[in-house]
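A quick write-up on the structure given underneath.
Please read all numbers here as calculations on a predicted model, not as lab measurements.
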Amino acid sequence: MPEESVRPLERGLAVLRALTLADGARAGDLVRATGLARATVDRVVATLARLGYVRVRGQGLHLAPRLMELGNAYLAASGLTGEVAARTARLADELDESVSLAVPDGDGVRFVTQAARRRAMSVAFRIGDLLPPERCAPGALFAAAWDEERWAAWRARVAAGPARDAFPALPPGPAPTPPPDLAARVAHSLRTGWALDDQLIEPGLIAVAVPVRDRSGRVRYALSAVSHTSRHSADDLAKAMLPRLRAEAECLEGLAGAGADAGSGAGEGSGAGEGPHSGEGSGRGSSAGPSPTAGGPLPDPAEAKAELGPGFLQSLARGLAVLRALGEARGDGLPLTALAAATGLPRATARRCLLTLQQEGYAAHDGHLYRPLPRILELGHAALSRLGFAELAEPHLRDLADRVHQSASVTVLDGTDILYVARAATVRVMSVRITVGTRFPAYPTAMGRVLLAGLPAEDRARLLKAAPPRAPTTHTVTDPDALTRILERAESDGHATADQELEEGLRSVAVPVRDATGRVVAALNVAQHAGPEPLDATRDALLPALRETAKAIESDLHTAARFNAVRLP
């Protein structure tokens, strides 16, 4: 590397790539994977943990959802919007097949949005996954624009042997025999305007793709519909899907962002790498707001350096801040002066960071402007986009239970009941015995009241009328007017309590968990034995920790859901 490169940033990116391939690894595993000294790995991990990008659990190291800020920066800069993701989701609903958008990444194909169908056999790829072009439908569309240098690089990679190390998203099993003829598939795509994958990824999986072009006519995205041979033959899939795919591609080309440069890196930057949305119609509810750091402010590098001393790599933190700032590089990109101003760094420092990111394949420079490249998505984005809401909440529940020494839970509203979706239990002589999947009526529980309070008033009244309150204990409030006042108070206070209303001796305090639009999507509580302490004292003791935990869950949820629909049960 040239002397101007930022070595701590290089090392931090190497550790993130290694941890992406082995989430839960120990520091010693990262030493072997990267070839770095143990002391260097420890400093990198300490810095990433302080930034909130890595979570340390015992000796295991885990990617944290906040790391998705980096991939979100690329997705925002590439012109992907909530409207594009929502259209993809609606198309999947309409076709009743999985639908995805992909971009070229070197000689690979990387997914940027995915709307999967809920079936026993369903597409398992996620945002950020990388596939070889010879084994997927979009590859033929992108390869049609390759120059001879790119074709030569692709031939050399294929000749080197199996692609599994370069493309870890490939399913296990042998490659198709004989090998797919990419040149013939490119010729077909140029002749017909579409491309087919007839079980090139794995037996039974078929797909058809059409191009989405920018204003210059270059293929910006590939829009694909994916199915299984149990539902269609490959030819039948093409006949059934092509008219609607072509119409949708035309609509996507007309959206406001369609003329921006996708930052694909098709002729520069990344190679195959070192190393989408769930629920029905994924992308539903996703938000693509203007800030690439939806999780809130990161720690000030100078303050973190003062706190951790030599254990904090300030140069790594600055480099990642520059990478996040590239998320504002809409269209052609941003100049150095703008990136330096956005990060508060001196021009020389920002330039060195950008040079390093460019050399590592995460940024491109046209001589004046910088923009991010899709290889950024290899930094944990695919693995983290698989997380459902419960998995996002669980680490925070464990921290809360450890902090207050009581069991903590998260529920969602399911009809007139609350449904437990995540829980961290404590080991005590007397403890609350509830498991994930348990249901209770909403009205006599603190979490149910928080969830009901988050509904419009007419919906609350309808649900209370649908299941007239009964009294599980002598303390239960069942009068509709009194319950309405309790719910109105819960809405205004931002919390609710229930004191022995579900079960004698059981007391609970709950707060809401909101999505990026402010909608209440879940409730968080701590439940404990009532004891002699007044309810107000229990509430006042628990509320600060509950609110901090809810804020932490919301931070991860907002980051994870910016371009990716997070599964709710």
Side-chain angles (χ1 to χ4, degrees), residues 78-104 109-117 119 121-123 125-127 129 131 133 135-145 185-201 204-215 217-255 257-259 262 264 276-277 280-284 286 563 565:
S78 73
L80 189 70
T81 65
E83 183 180 1
V84 172
R87 290 192 68 94
T88 305
R90 290 195 295 270
L91 182 60
D93 286 343
E94 178 185 337
L95 299 178
D96 196 26
E97 300 289 358
S98 296
V99 174
S100 66
L101 283 173
V103 297
V109 173
R110 200 175 291 274
F111 291 101
V112 295
T113 188
Q114 177 83 285
R117 309 304 293 154
R119 293 199 181 98
M121 289 185 295
S122 181
V123 178
F125 298 118
R126 294 292 182 264
I127 294 174
D129 276 339
L131 293 180
R135 293 186 62 182
C136 61
L141 301 176
F142 297 141
R185 294 177 59 237
V186 167
H188 175 274
S189 74
L190 289 171
R191 187 173 63 254
T192 64
W194 56 277
L196 190 66
D197 165 6
D198 189 358
Q199 306 181 73
L200 300 177
I201 292 291
L205 186 67
I206 53 177
V208 61
V210 298
V212 179
R213 301 182 184 275
D214 62 19
R215 292 192 184 108
R218 188 183 64 176
V219 179
R220 182 183 183 194
Y221 297 126
L223 175 65
S224 302
V226 186
S227 190
H228 193 269
T229 52
S230 61
R231 293 172 57 81
H232 299 276
S233 69
D235 289 341
D236 288 344
L237 179 70
K239 291 176 183 177
M241 301 295 151
L242 277 173
R244 188 63 187 87
L245 286 175
R246 283 171 167 154
E248 184 62 23
E250 186 175 347
C251 290
L252 291 174
E253 289 171 353
L255 292 178
S264 67
H277 320 280
E280 295 189 16
S282 59
R284 192 176 277 117
S286 66
F563 295 103

Worked verdict on F563 versus L80 for side chain to side chain contact (heavy atoms under 4.5 Å, CB included): CA-CA 8 Å; F563 295 103; L80 189 70; 3.8 Å; yes

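- Remark: side-chain polar atoms of Q199 are not paired, donor with acceptor, to backbone N or O of L205 under 3.5 angstrom.
- Across every non-hydrogen atom of L91 and R244, the tightest pair is CD1-CG, 3.6 Å.
- The structure places CZ of R246 at 12.0 Å from CG of L223, a figure rounded to the nearest 0.5 Å.
- A donor-acceptor pair is defined here as one N or O able to donate and one able to accept, closer than 3.5 Å; such a pair exists between the side chain of R185 and the backbone of C136.
- Of all heavy-atom pairs spanning A195 and A140, the tightest one is CB-CB, 4.0 Å.
- Here the CD-OG1 distance, from E83 to T88, works out to 10.5 Å after rounding to the nearest 0.5 Å.
- Checked against salt bridge (Lys or Arg N to Asp or Glu O under 4.0 Å), R87 has the following partners two or more places apart in sequence or in another chain: E248.
- In this structure, V208 and M241 approach most closely via the heavy-atom pair CG1-CB, 3.8 Å.
- Each of D129, V103, I127, L101 was checked for a side chain to side chain contact (heavy atoms under 4.5 Å, CB included) with F111, and the lone residue meeting it is D129.
- Evaluation of the side chain to side chain contact (heavy atoms under 4.5 Å, CB included) rule for A240 yields no partner, not counting sequence neighbours.
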Audit row: I206, L196, side chain to side chain contact (heavy atoms under 4.5 Å, CB included) steps and yes/no: CA-CA 8 Å; I206 53 177; L196 190 66; 5.9 Å; no

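- A143 pairs by the side chain to side chain contact (heavy atoms under 4.5 Å, CB included) definition with W146, W151, L182, V186, not counting sequence neighbours.
- In this structure E250 satisfies the side chain to side chain contact (heavy atoms under 4.5 Å, CB included) test with no other residue, sequence neighbours excluded.
- Screening residues 188-200 for salt bridge (charged side-chain N to carboxylate O under 4.0 Å, His left out) gives no qualifying pairs among residues at least two apart or on separate chains.
- With sequence neighbours excluded, the residues forming a side chain to side chain contact (heavy atoms under 4.5 Å, CB included) with A209 are A137, P138, L141, S224, listed by chain and number.
- Taking all atoms of both residues into account, the shortest heavy-atom contact from A115 to A92 is CB-CB, 3.7 Å.
- Here K239 contributes atom NZ and S233 contributes atom OG; the two are 7.5 Å apart, rounded to the nearest 0.5 Å.
- Two residues are said to be in side-chain contact when any heavy atoms from C-beta on lie closer than 4.5 Å; V109 and F142 meet this criterion.
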